[in-house]
Enquirer: 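Below are the structure tokens for one structure; questions will follow.
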Amino acid sequence: MPLTLPERQEFLAQPHIAALSVSAGAGRGPLTVPIWYQYRPGAEVWVLTGSQARKMRLLREAGRFTLMVQQLEPTVRYVSVEGPVTRIIPMTDEMSREMAARYLPAESVDGYLKAAAAFGEQVAVYLRPEHWLSADLGNPGEY
């Protein structure tokens, strides 16, 4: 059963690991990679990536991408959102900290940020949600 818009937005706002997919060009399947993301209901989705990463080059070329998140318990549920890249901006220290704090225990954030300093130049890529797919497939124990 599809989720309502508020259910989709609330689910996407949770700190799931997303699969990012972007066109890899003619004769290739899409590039699909796991990624951390940030989202607040009604806002744009944003991800952080290296400014020279292959996915960044493909995001610039395609101008749009898809994120898909899922959970298996207590119910099998997923949300997929697709839309255009609306802006690309340099990552700030505050953005890096916000993203790390979303996914890591508080005591691990500073250590992660020290290690992440070696990742090189990072950018934030924003997506405006245009197309949504979603479903709640129920409790797997009931199948």
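Numbers here simply count residues along the sequence, with the first being 1. Keep in mind that the numbers below use all heavy atoms, side chains included, and drop hydrogens, waters and symmetry copies. Just so you know, these numbers come straight off a predicted model, no measurement behind them.
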Enquirer: Are Met95 and Ile89 close enough that some pair of their side-chain heavy atoms sits under 4.5 Å apart?
Expert: yes
Enquirer: Ignoring hydrogens, what is the shortest heavy-atom contact between Tyr112 and Ala100? Give both atom names and the distance.
Expert: CD2-CB, 3.7 Å
Enquirer: Taking all atoms of both residues into account, what is the closest heavy-atom pair of Met99 and Gln38, and its distance?
Expert: CE-N, 3.7 Å
Enquirer: Compare every heavy atom of Val69 with every heavy atom of Ile17, then report the nearest pair and how far apart it is.
Expert: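 Ile17 and Val69 have their closest heavy atoms at O-CG1, 4.1 Å.
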Enquirer: Is the backbone N or O of Ala13 less than 3.5 Å from a side-chain atom of Tyr37, with the two atoms forming a donor-acceptor pair by type?
Expert: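 Absent.
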Enquirer: Roughly how far, to the nearest 0.5 Å, is the CE atom of Met1 from the CD atom of Glu7?
Expert: 9.0 Å
Enquirer: Go through the structure and list residues passing side chain to side chain donor-acceptor pair (under 3.5 Å) with Gln70, not counting sequence neighbours.
Expert: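 So Gln70 forms no side chain to side chain donor-acceptor pair (under 3.5 Å) with any residue.
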Enquirer: Could you grab the distance from atom CG of Leu3 to atom OH of Tyr78, nearest 0.5 Å is fine?
Expert: 8.5 Å
Enquirer: Got a second to check how far Glu82's CD is from Leu67's CG, nearest 0.5 Å?
Expert: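 Nearest 0.5 Å value for the CD-CG distance: 10.0 Å.
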Enquirer: For residues Arg97 and Asp110, determine if any side-chain heavy atom of one lies less than 4.5 Å from a side-chain heavy atom of the other.
Expert: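 SC-SC contact between Arg97 and Asp110 confirmed.
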Enquirer: Which value, rounded to the nearest 0.5 Å, describes the distance between Gln122 atom CD and Asp93 atom CG?
Expert: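 Going from CD on Gln122 over to CG on Asp93, the span is 12.0 Å.
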Enquirer: Rounded at 0.5 Å granularity, tell me how far OG1 in Thr75 sits from CG in Leu137.
Expert: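 Separation between the atoms: 7.0 Å.
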Enquirer: In Å, rounded to the nearest 0.5 Å, how long is the span from CD of Gln14 to CD of Gln71?
Expert: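 Between Gln14 CD and Gln71 CD, I get 6.5 Å after rounding to 0.5 Å.
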Enquirer: Same cluster for Val81 and Leu5 if Ile/Leu/Val/Met/Phe/Trp/Tyr side chains link at under 4.5 Å?
Expert: yes
Enquirer: Give me each pair satisfying side chain to side chain donor-acceptor pair (under 3.5 Å) with a member in residues 22-33, each pair once, sequence neighbours excluded.
Expert: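 Applying side chain to side chain donor-acceptor pair (under 3.5 Å) to every pair that reaches into residues 22-33, excluding sequence neighbours, yields Ser21-Thr32.
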Enquirer: Is there a chain of hydrophobic side chains (I, L, V, M, F, W, Y, each step under 4.5 Å between heavy atoms) that links Val33 to Trp36?
Expert: yes
Enquirer: Do Leu31 and Phe65 have side chains that get closer than 4.5 Å, going by heavy atoms?
Expert: no
Enquirer: Distance-only check: which donor-acceptor pairs under 3.5 Å involve side-chain atoms of residues 41-58, not counting sequence neighbours?
Expert:
from	atom 1	to	atom 2	distance (Å)
Glu44	OE1	Arg87	NH1	2.8
Glu44	OE2	Thr86	OG1	2.5
Thr49	OG1	Lys55	NZ	3.2
Ser51	OG	Glu121	OE1	3.3
Arg57	NH1	Glu61	OE2	3.1

Enquirer: With clusters defined by side-chain heavy atoms of hydrophobic residues (ILVMFWY) lying less than 4.5 Å apart, directly or transitively, does Met91 cluster with Val109?
Expert: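 The answer is yes; both residues are in one hydrophobic cluster.
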Enquirer: Cation-pi check, Arg102 to Tyr39: give yes when NZ or CZ is under 6.0 Å from the six-membered ring centre and within 45° of the ring axis, no otherwise.
Expert: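 Relative to the ring axis of Tyr39, which defines the angle, Arg102 lies outside at least one limit.
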Enquirer: Does Ser134 use its side chain to pair, donor to acceptor, with the backbone of Arg8 at less than 3.5 Å?
Expert: no
Enquirer: If you take all heavy atoms of His16 and Tyr103, which pair is closest and at what distance?
Expert: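 Here His16 and Tyr103 meet closest at O-OH, 2.7 Å.
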